[in-house]
Amino acid sequence: MSFSWSFANISFFQPPAFLMIGIPGLETVHGWISIPFSSMYTVALTGNCLILLTVRRTPSLHQPMYYFLSMLALTDVGLTLSTMPTTLAVLWFDHRLIGFNACLVQMFFLHFFSVVESSVLLAMSFDRLVAISNPLRYASVLTNNVIISIGQAIVARATVSLFPLPFLLKRLNFCPGKILLSHSFCFHADVMKRACADITVNIIYGLYVVLSTVGFDSLLIVLSYTLILHTVMGLASPRERIRALNTCVSHILAVLVFYIPVIGVSMIHRFGRHLPPMVRALVAYVYLVVPPVLNPIIYSVKSKPIREAMLRVLRELRKG
């Protein structure tokens, strides 16, 4: 694919478009690689939409724990849809151009849903803490109004935190010859490195967003589980301890599936400049594609009420 732009005597330049890349070094087999990617996107969308439909149709699941699970599923749908169009366009059709403004929009929603997912996982850890530490007050603490307020706070926090990012990028003067991105989607850390200007403000603000959202959430999740373990160790019966911890297994797995790739992506973008481009691309795909795929599987396997309700809904859909 070849193209050219005239940019002589331009003191301030913003490219009309960026050039995306699939998996570096494997361009000749992108068609084959698109098969597992298409399968994973299908599983992610189907699984998370099925969870949303199951919770909605099953009155016994109208409880705080499953409302938060619905928030997680809805977030995973948004995260999947943020990257799926451009990734499949690159792998299927070798359509690698993305407009400058379209790139900023995709970047905003990609990071928005990532921050929302981190916040939802924090809310779910609070749900488990209340359920185990104070079960008698569980229903009175996590009322429908409280859950709605938590959801609104999560969305507001992500919006306020990330709203400045596109505008911080639009003020930068970009290098005419640096339009090749490192992924098939737009990361803030990746886009800002294509600028020919001082990006100190972008770096500082990006670091602030990461620390004040994902970093802060992870610390509170660790604190929540420290308090949960303290409560569980105080239970007299070993059977009660195991039963209490079993209610947390699905959430712990979801936390690990999300935060381990997040840490990997953050470390690579800041310290992994000498790593092969293929490694950077694969870690980014794991971060964005794998959690939406695995979360529905984790909860359907580990949560008996969800599994039974999902099977019942599937039978109803088949009959209808």
Side-chain angles (χ1 to χ4, degrees), residues 48-79 111-163 209 212-232 234-235 240 243-255 257-259 291-292 295-296 298-300 302-306 309-310:
N48 286 292
C49 288
L50 183 58
I51 284 179
L52 290 169
L53 184 62
T54 299
V55 173
R56 181 181 179 182
R57 286 194 175 188
T58 310
S60 61
L61 298 182
H62 293 176
Q63 302 175 33
M65 175 182 177
Y66 301 111
Y67 288 146
F68 288 126
L69 177 58
S70 296
M71 291 183 192
L72 184 66
L74 186 60
T75 304
D76 281 337
V77 169
L79 190 59
H111 291 298
F112 172 85
F113 285 114
S114 295
V115 171
V116 168
E117 179 140 349
S118 175
S119 302
V120 171
L121 289 171
L122 173 59
M124 295 174 83
S125 72
F126 175 69
D127 167 80
R128 293 298 84 209
L129 176 61
V130 175
I132 292 173
S133 301
N134 205 341
L136 296 179
R137 294 192 59 200
Y138 179 66
S140 61
V141 171
L142 288 172
T143 63
N144 287 346
N145 287 336
V146 169
I147 293 170
I148 291 171
S149 297
I150 290 174
Q152 291 173 338
I154 288 172
V155 172
R157 176 204 194 196
T159 303
V160 170
S161 297
L162 295 168
F163 187 74
V209 170
S212 64
T213 55
V214 177
F216 183 68
D217 293 346
S218 62
L219 291 177
L220 290 183
I221 289 172
V222 171
L223 176 60
S224 296
Y225 274 100
T226 302
L227 297 175
I228 287 172
L229 283 174
H230 181 266
T231 301
V232 169
L235 298 176
E240 289 181 357
R243 184 180 176 183
L245 288 176
N246 276 339
T247 64
C248 301
V249 171
S250 298
H251 179 254
I252 291 173
L253 292 175
V255 168
V257 163
F258 176 76
Y259 279 101
N295 284 337
I298 289 170
Y299 277 92
S300 62
K302 299 299 297 182
S303 175
K304 185 178 179 181
I306 281 287
M310 288 174 73

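Count residues from 1 along the sequence.
- Separation of atoms CD1 (I147) and CD (Q63) is listed at 10.0 Å; rounding is to 0.5 Å.
- Scanning both residues, S119 and R157, for their nearest heavy atoms gives OG-NH1, 2.7 Å.
- N48 CG to L72 CG: the interatomic distance, rounded to the nearest 0.5 Å, is 7.0 Å.
- Of the possible donor and acceptor atoms, none in the side chain of S161 sits under 3.5 Å from a partner among the backbone N and O of A158.
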Identify every side-chain donor-acceptor pair in residues 136-144 under 3.5 Å, counting partners at least two apart or on other chains, and give the distances.
| unit_1 | atom_1 | unit_2 | atom_2 | d |
| --- | --- | --- | --- | --- |
| Y138 | OH | M65 | N | 3.4 |
| Y138 | OH | D127 | OD1 | 2.4 |
| S140 | OG | R137 | O | 2.9 |
| T143 | OG1 | V146 | N | 3.3 |

Derivation of the side chain to side chain contact (heavy atoms under 4.5 Å, CB included) call for L52 and R56: CA-CA 6 Å; L52 290 169; R56 181 181 179 182; over 6 Å; no
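- Test Y225, Y299, F258 against H251 for ring-ring contact (aromatic ring centres under 6.0 Å, His included) and you get one pass: Y225.
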Determine whether S114 and V214 satisfy the following criterion, side chain to side chain contact (heavy atoms under 4.5 Å, CB included), listing intermediate values before the conclusion. CA-CA 9 Å; S114 295; V214 177; 6.0 Å; no
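- For the pair I306 and S300, the tightest heavy-atom approach, listed with the atom from each and the gap, is CG2-CA, 4.1 Å.
- Residues V55 and L61 share a closest heavy-atom pair of CG1-O, 4.0 Å.
- Judged by distance alone, the side chains of S118 and T213 never bring a donor and an acceptor atom under 3.5 Å apart.
- Across all their heavy atoms, Y259 and L121 have their closest contact at CE1-CD1, 4.1 Å.
- Taken to the nearest 0.5 Å, the CG atom of L74 stands 11.5 Å off from the CG atom of L79.
- Here the closest heavy-atom approach between residue I298 and residue A254 is recorded as CD1-N, 4.2 Å.
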